[in-house]
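Below is one structure, written out as structure tokens, with a few remarks after it.
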Number of protein chains: 2
Amino acid sequence: MKKYAGQSAMLVAIDCIIFGFDGDELKLLLIQRGLEPEKGKWSLMGGFVKPKEDLEKAAARILKQLTGLEDVYMEQLQAFGDPDRDPVERTLSIAWFALVDIHKYEKQLSDDHHPEWVPVKKLPKLVFDHRKMVDLAKKRLQYKAALHPLLFELLPDRFTIPQLLNLYQALYDKKLDKRNFNRKLLSAKLLIKQKYKKKEGSRRGAFYYKLDKRKYYSNIDAFMSFLPAREIFS
Amino acid sequence: MKKYAGQSAMLVAIDCIIFGFDGDELKLLLIQRGLEPEKGKWSLMGGFVKPKEDLEKAAARILKQLTGLEDVYMEQLQAFGDPDRDPVERTLSIAWFALVDIHKYEKQLSDDHHPEWVPVKKLPKLVFDHRKMVDLAKKRLQYKAALHPLLFELLPDRFTIPQLLNLYQALYDKKLDKRNFNRKLLSAKLLIKQKYKKKEGSRRGAFYYKLDKRKYYSNIDAFMSFLPAREIFS
DNA sequence: GCAAATAAGTGTTATTTTGACACTCATCTT
DNA sequence: AAGATGAGTGTCAAAATAACACTTATTTGC
């Protein structure tokens, strides 16, 4: 078959902004870049899209390569295409953000990326335009999580309400009223209270909850806010 | 400088989903594709990104080429990268949507694209995956316009409130209560009432309003809804 | 075993926001 | 002058919101 004449191709890469939450701080999984230039510098995990691979698969492949995880929440953030963003040769990057349960993550044995979870609030200098990607991803996560139930993706299967509250407080860097938070959260009826309490971290212990998966998946695009309206503003 | 070895490049294109509003229906500016294959079929306006061009500039260039317009509201929608989306050769497309004042648009003289404004509700078959792009763009526009003041971009500098109401009704395909719409709209204090009325279209005539540009631009990311909450759902 | 410490859990109220609803007004046409 | 048409406007009841503080369950230390 004929080709489009006279058009110039470029490399297409994926970069992943991988969020995790350790119960206290919002974190990003960063690697030490394995290629020249900037080898050894902090970087987002990335890779090139293969000739017959679609973008979703490429993003999932790259995420799995670093984390071993599959079926992770991922969303296309934006394409970054500044002609000089990669000094080696023109490379378009499609940034995706991922929300993972930090406890499911295990370092891959064969991993020469030297990945580390780094607090979003204490990011090191990153290569290329990765800082812009991270900033945009954080903004997008703040935006979306203020309108839709989404942050559950960052928590284990069972979690406590104080854990969830902490997560929201970490993401928005704001103290929230636990009574109002509770009321809104429970009125969404997405949670199923468990019989057992989490014993660590407090004397009294907090009850575990699980997501009602059926309701959760059918409402993942629904509007649902557990925050005071004005917190939505960045 | 060295290149990344062994990676395969691909073409990168831009496609533009161009919305307009004629006072009655929401429309898209479509062209008849100028290249084989599918030459002559209905298509979004598009083009390849040039070797030293960034994505914003490429999108603006392509929009201008078709419409003659500059400084138009454009937003990156999503990258579409199915390996077979273009049968000729692998082409990644970054879709952008644009909101234009349909009355400012003039057919470009040198234009061999044969562009037409087509009602969104009566779309013809489109080439490749353009229909997916349009559907996503419409969804995104509905989403965003329900939360932020945005649709003003589709109207002329001065417009009447009934015009704006019609636009919302067209986008959501719903009748809205004009009293509630009015109250919410005016409470945002973005509009400046003009001295003159629009005489066409009604006996009494409706007052023109203009945007308070200062407030508008400083609130373009603010949350502001003129709709009943549940209309936000698609 | 009792007191102290700690985080979990829970209700009320005043204010604001929302949505449903119907009539009058200004102007042109005949 | 009467009729027709779309523009413009106000009320009220219900729901949602945000602000606010005390009690409870359990462990720890004496």
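Residue numbers start from 1 in every chain, and the chains themselves are labelled A, B, ... in the order their sequence lines are given, proteins ahead of strands.
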Could you check whether B/R183 and B/N180, counting side-chain N and O atoms only, form a donor-acceptor pair closer than 3.5 Å?
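Judged by distance alone, the side chains do pair up.
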d([atom1], [X]; [atom2], [N]) in whole Å:
X	N	atom1	atom2	value
A/N182	C/dA7	CG	C1'	13 Å
A/Q169	C/dA7	CD	C1'	13 Å
B/D177	C/dA22	CG	P	10 Å
A/F207	D/dT26	CZ	C1'	12 Å
A/L185	C/dA8	CG	P	14 Å
B/K174	C/dA20	NZ	P	12 Å
B/K198	D/dG6	NZ	C1'	12 Å
A/N180	C/dG9	CG	P	16 Å

Could you check whether the rings of [X] and [Y] sit parallel, tilted or perpendicular, using 30° and 60° as the cut-offs?
X	Y	result
B/F97	B/Y73	tilted
B/F223	B/H148	tilted
A/H130	A/F128	perpendicular
A/F152	A/Y216	perpendicular

Quiz item: How is A/K178 classified with respect to the nucleic acid when contacts are heavy atoms under 4.0 Å: base, sugar-phosphate, or nothing?
Solution: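 Answer is base: heavy atoms of A/K178 come under 4.0 Å of a base.
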Report task. Using the closest heavy atom to pick a nucleotide of DNA chain C for each, name whichever of A/K193 or A/G201 lands nearer the 5' end. Result ->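 It is A/G201, whose closest nucleotide lies nearer the 5' terminus.
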(request) Nearest-nucleotide wise, let me know which of B/S202 and A/T160 is further upstream toward the 5' end of DNA chain C. (result)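 Its nearest nucleotide lies further toward 5', so the answer is A/T160.
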What's the closest nucleotide to the A/K197 side chain, out of D/dA18, D/dT9, D/dT26?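 Among the listed nucleotides, the one closest to the side chain of A/K197 is D/dT26.
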Closer than 4.0 Å, any side-chain N/O of A/K184 to the OP1 or OP2 of D/dA18?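 So the side chain of A/K184 is within the cut-off, an N or O lying under 4.0 Å from OP1 or OP2 of D/dA18.
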Practice prompt. Could you say whether A/R183 or B/L186 is positioned toward the 5' end of DNA chain D, judged by the nucleotide with the nearest heavy atom to each?
Written response: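 Taking each residue's closest nucleotide, the earlier one in sequence belongs to B/L186.
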Subject >> Any N/O donor-acceptor pair, A/R204 side-chain to C/dA8 base, under 3.5 Å >> reply: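 Such a pair is found, so the answer is yes.
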Report yes if a donor N or O on one partner sits less than 3.5 Å from an acceptor N or O on the other, where the partners are the side chain of A/R203 and the base of D/dA25; otherwise report no.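 Under the 3.5 Å cut-off, the side chain and the base do not form any donor-acceptor pair.
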